[in-house]
Every structure is written in C-alpha cells, then in structure tokens.
Asker: 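Got a structure for you, questions after.
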Amino acid sequence: MSTKPATLPSGERTGRRPSAETLGLLVPVLLVAVAIAVPALTGWDVGARSDDRGLAPTHGYWDPKLGPGTLPALAVAVAGWRLAGRAERLPWRTLLLTSYAVGLAWLLSLALVDGPSGLTRVLGNPYEYLETARAITDVPAMLDEFVDRIPYAHPDNWVTHVAGHPPAALLFFVALDRIGLGGDLAAALVVTAVAASVAPAVLVALRALRAERAARRAAPFLVLAPAAVFLAVSADAVFTAVAAWGLAALALGATRTGLPARVGWSVLAGLLLGSCVLLSYGLPLLGLLAVAVLVVARSWLPLPVAAATALMLVLGFAGYGFALWEALPVLRERYWDGIASERPAAYWLWGNLAALTVAAGPAVGAGLTRLRPRLTSVSSEEDRTVRWLAGAAVLTVLAANLSLMSKGEVERIWLPFVPWLLIACALLPGHWRRVALGVQLVTALLVQHLLYTSW
C-alpha cells in the first residue's frame, strides 16, 4: 500500500504542516483564550478590576451590545477590506489624507457603538485628567508640588491617572481647558482627531527611510487596527501620536538633504520625543525605536541635536520643580502600594502579552513571523527597514514587560508601541495581507461589541 500523502488536483499535498503565518495568527488567539480561561477556571484573583467583574487580561468586562456606531463601523470595515489594495496605487498625499480620514471614521464609529457616552465616559471619569485640569489655576505652583502629591499618604494626592504620569499629560488638558475645549465632548473630539494622525505619521517615517512600498502595504493595518477601540478618546492616544510624529521627525532629520533642514527636523524630534518622556514614564523606552531609525537611516547626526533638545525640555520642567528622576521612585512606591501589589507577576508577565494582542490584533503574530529573513529569498532594503523597526518595537515591549511597572491595562498603556509592531504585516505576502486584515477587522468589531473596555 502506498504511504505517500494524498495530493490535491493542483498537486499541493494535503498533509503539509501549517505555515508560519498560520501559526502566527493562531498563537496570539490561543494566548488570549488561555489568559481569559485561567482566572475564570481557577478562581485566581489577578486584580484585573477592583469590582470583581474584570475580564482579565483586559481591564474590561463582558458587555455584549449593538449601538449607533455598529452600522457605520461595519461599513468602514467592509469598505476598508475591499479597497485596502488601493493604498499601493494612490498618490502619496492622497494616501496620507485618506489614511487620516478613514482612521478618524474608524475611531469614531467604534466609539459610538457605546452611544454618545462612548466619546465622553473616559475623559469625564474623575480618575482621568479633565476634572483635575479644570481645577488648575496656577501652573508653576502645580509643577512645584507635583512630586509631593504623588504618594497616597499626601492628604491631597493626585487622582490615579494624574499621579501615574508626568505633568505634561495633565498640562495638555489644562491647555484644552484654557482655550475653551475643556468639556468632556470637546476634549474627546480633540483627542480622537489627534489619534487619527498616528497612521499618517508612521507612513511619513517609513517613506523618509526609503520604505514607501512597505508603508503602502502597512497602511491598512495601521489605519484599521483593533487599537482604534482603545485609541479613541484615551489620553494615551495623544502619547501615541506624539511618539509617532517624534520618530517621523527623527527619520526626516536623518535623511533630508541640507544641514538646516536636518537640524530643524532633529530639533523637532527632540521636542516631541522629549515631550513623550514628560507624558509617560514608560516612554523613555522609545529610545530603542529611535536608535533603530538612525541605524536604518545610516546617520547619527540627529542624535546629539535631538538628545540635547529633549534634555533641555526635561531640565526646563525641573527648573519649575518637576524633576523626572525624583518623581519616578516616588511613583514606583505608590504603584507598589496600590494595584501592583494585587496583580501577580506570575500571571501578568504573559497576560500582558495577551492584552497587547487584544489591542494590536492577531495579525501582529503573523507579521512577526516574517522578521527573520527567509533563506530562500533576497531581502530588499525596505524589508530590512521594517524588520529593524518592528524588531525594536518587540524589544521595547519586552523591556516594558520586564520592568513590572505595567501589570495590566497594557492594551492602553502600550499603545505607543503598537503601530511599530503592526508594520511587520507589510512583510506578509499579498494573499496573507488580505486574510490578516480581515482578521484584524473582525477582532476590532468583536472587542468593541462584546466588551466594556473601560477606555
């Protein structure tokens, strides 16, 4: 009897092993399933939510629903999936404008699945920034006392999100309030408009690094990512946009011709990346991505200019009383006095990666399988650029995870790293990109319609 595997009419063997891309899609899904099942089946209290309704590894809980945004979200998803291939043919400026417009529609439609409250409930929460921002009347005094008010022991300690971030995060909302955009809805629309610029920023960075074709292939994944569920009206969306534009400016500073242009872009990169350090304590890790940008560009000229500019910004805040190096150990003490003590590292060291998958989408797994060059193919310069940047994003996530300063809620906290992971999807073959984008869209719709995400 013959033992040869059966073949299809095309000659393809039916008994072959799953491809790396297939496993790359399945492993993240399995990781999320296990991360949900383990606490539910064992009764393990992993501290996902204080009200015991949490659906670990997310900070949300089950809340199946349909809403005003359901049909628009479905329409954007179907149109995006059908027309994604056009990103490779559109004129560049049209691609950037289209990416922004579609991204904004995706963000708003997903948020409105929860009705009008989907746009206002987060920023209107008293543990967020807006309520505190409206009460700030003296900015220099706020900066001078900022570190003192971080500990729980202070009688007038900052609320959770204000205490958990450097003061630039609060100052952003103070500025919105001062110009008349401090209402819940007005601030939410500003934040969402800023969030929609993330995809164009990453596209600009890739093109500056001579990877335009890769940028076009990555565009649908950047615009229609499940991360939109968490980006809309989350303050971390602002951090994500500032980080993306900072790295784009760094790429432009490394590749422009003419010294004035290179210095100008490098100064802007320093201002934006320096602002990131003053927006979130975890964003100094963007240094890994910044180094990857300079390695790919083969230019270190922007480094001293950008670093000096960022340092001046940080020292400027120190001059007003907020010293970053003094604040971080104080925050660490508050963190470990609070929720960190309730969240076991034995769960969150891998549960974090599952939560990240909920925001980034399973397609990231398929894309990351392509980071290692195939021995049978010749890597293009563009592919090497994507591998460097996506690989740096992987290292950034691992470093953030090992710091143990992000036990849970990383579907929001790690948003600034997500776009740089997603660009790995540009390495997928054409047929796989279509499949992977469909998986991403279904993931986003399911997460938004099945979960109350808290963000």
Asker: Short question: side chain of E411, backbone of H59 - any donor-acceptor pair under 3.5 Å?
Answerer: yes
Asker: The test is side chain to side chain contact (heavy atoms under 4.5 Å, CB included); show your working for Q448 and D114 and say whether it passes.
Answerer: CA-CA 8 Å; Q448 181 62 58; D114 289 314; 3.0 Å; yes
Asker: So, do L250 and L294 sit near enough that their side-chain heavy atoms are less than 4.5 Å apart?
Answerer: yes
Asker: Within a strict 4.5 Å, meaning less than it, do heavy atoms of the L206 and L389 side chains meet?
Answerer: yes
Asker: Counting heavy atoms not belonging to W81, are there more than 12 under 6.0 Å from its CH2?
Answerer: no
Asker: Please work out which of the three classes, parallel, tilted or perpendicular, describes the rings of Y129 and F239, given edges at 30° and 60°.
Answerer: perpendicular
Asker: About how many Å separate CG of L170 and CG of L279, when rounded to the nearest 0.5 Å?
Answerer: 11.0 Å
Asker: Within the 4.5 Å heavy-atom criterion, are V139 and Y320 side-chain neighbours or not?
Answerer: no
Asker: If we ignore hydrogens and angles and just use 3.5 Å, is the side chain of S197 paired with the main-chain N or O of V194 as donor and acceptor?
Answerer: yes
Asker: Should the ring pair F317 and F322 be called parallel, tilted or perpendicular, given that the plane angle runs from 0 to 90° and is split at 30 and 60?
Answerer: perpendicular
Asker: Begin from the C-alpha positions of L209 and T255 and carry the test side chain to side chain contact (heavy atoms under 4.5 Å, CB included) through to its verdict.
Answerer: CA-CA 7 Å; L209 296 171; T255 55; 4.3 Å; yes
Asker: Restricting to non-hydrogen atoms, name the atom on L324 and the atom on P166 that form the minimum distance, rounded to 0.1 Å.
Answerer: CD1-CG, 4.2 Å
Asker: Please walk me through it: do K407 and Y335 pass side chain to side chain contact (heavy atoms under 4.5 Å, CB included)?
Answerer: CA-CA 10 Å; K407 291 199 290 184; Y335 182 62; 3.5 Å; yes
Asker: Which pair of heavy atoms, one from A327 and one from V147, lies closest together, and at what distance?
Answerer: CB-CG2, 3.8 Å
Asker: Could you grab the distance from atom CG of L272 to atom CH2 of W265, nearest 0.5 Å is fine?
Answerer: 9.5 Å
Asker: Report yes or no: does R207 contribute a side-chain atom to a donor-acceptor pair with the main-chain N or O of R216 at less than 3.5 Å?
Answerer: no
Asker: To the nearest 0.5 Å, what is the distance between OG1 on T385 and CD on E212?
Answerer: 13.0 Å
Asker: Any sub-3.5 Å donor-acceptor pair from R134's side-chain atoms to G182's backbone N or O?
Answerer: yes
Asker: What pairs of donor and acceptor atoms, side-chain ones from residues 414-433 against any protein atom, are under 3.5 angstrom apart with sequence neighbours left out?
Answerer:
from, atom 1, to, atom 2, distance (Å)
R433, NH1, L428, O, 2.7
R433, NH2, E88, OE2, 3.1

Asker: Between the side chains of E381 and R298, is the shortest nitrogen-to-carboxylate-oxygen separation below 4.0 Å, so that they form an ion pair?
Answerer: yes
Asker: Measure the shortest side-chain to side-chain distance between D177 and F173 over non-hydrogen atoms and say whether it is less than 4.5 angstrom.
Answerer: no
Asker: Going by heavy atoms in the side chains, are L95 and S99 under 4.5 Å from each other?
Answerer: yes
Asker: Within the distance-only criterion (no hydrogens, no angle test), does the side chain of Y61 pair as donor or acceptor with the backbone N or O of S454 below 3.5 angstrom?
Answerer: no
Asker: What's the shortest heavy-atom distance between L445 and A77, and which atoms?
Answerer: CD1-CB, 4.1 Å
Asker: Other residues, nucleotides and ligands only: do more than 12 of their heavy atoms fall within 6.0 Å of CZ on R178?
Answerer: yes
Asker: Donor-acceptor pair, W106 side chain versus A225 backbone, under 3.5 Å?
Answerer: yes
Asker: Of all heavy-atom pairs between R217 and P220, which one has the smallest distance, and what is that distance?
Answerer: O-CD, 3.5 Å
Asker: Do you know the tightest heavy-atom contact between L289 and A393?
Answerer: CD2-N, 4.0 Å
Asker: Got I339 and E409 here, is their nearest side-chain heavy-atom distance under 4.5 Å?
Answerer: yes
Asker: Which pair of heavy atoms, one from L437 and one from G80, lies closest together, and at what distance?
Answerer: CD2-O, 4.1 Å
Asker: Would a distance-only check, ignoring hydrogens and angles, find a side-chain to backbone donor-acceptor pair under 3.5 Å from R262 to A254?
Answerer: yes
Asker: Starting at CD of E128, measure out to OG of S234 and round the result to the nearest 0.5 Å.
Answerer: 7.0 Å
Asker: Hey, does the side chain of K65 reach the backbone of L451 with a donor-acceptor pair shorter than 3.5 angstrom?
Answerer: yes
Asker: Do L108 and L119 come within less than 4.5 Å of each other through their side chains, counting heavy atoms only?
Answerer: yes
Asker: Donor-acceptor pairs under 3.5 Å, side chain of residues 356-368 to any protein atom, not counting sequence neighbours: which ones?
Answerer:
from, atom 1, to, atom 2, distance (Å)
T357, OG1, L353, O, 3.0

Asker: Can you tell me which residue among L171, L283, L313, V242 is in a side chain to side chain contact (heavy atoms under 4.5 Å, CB included) with L278?
Answerer: L313
Asker: Does the side chain of M142 reach to within under 4.5 Å of the side chain of W158, using non-hydrogen atoms?
Answerer: yes
Asker: Does S403 offer a backbone N or O that forms a donor-acceptor pair with the side chain of S406 under 3.5 Å?
Answerer: no
Asker: Are the side chain of N352 and the backbone N or O of W348 linked by a donor-acceptor pair below 3.5 Å?
Answerer: yes
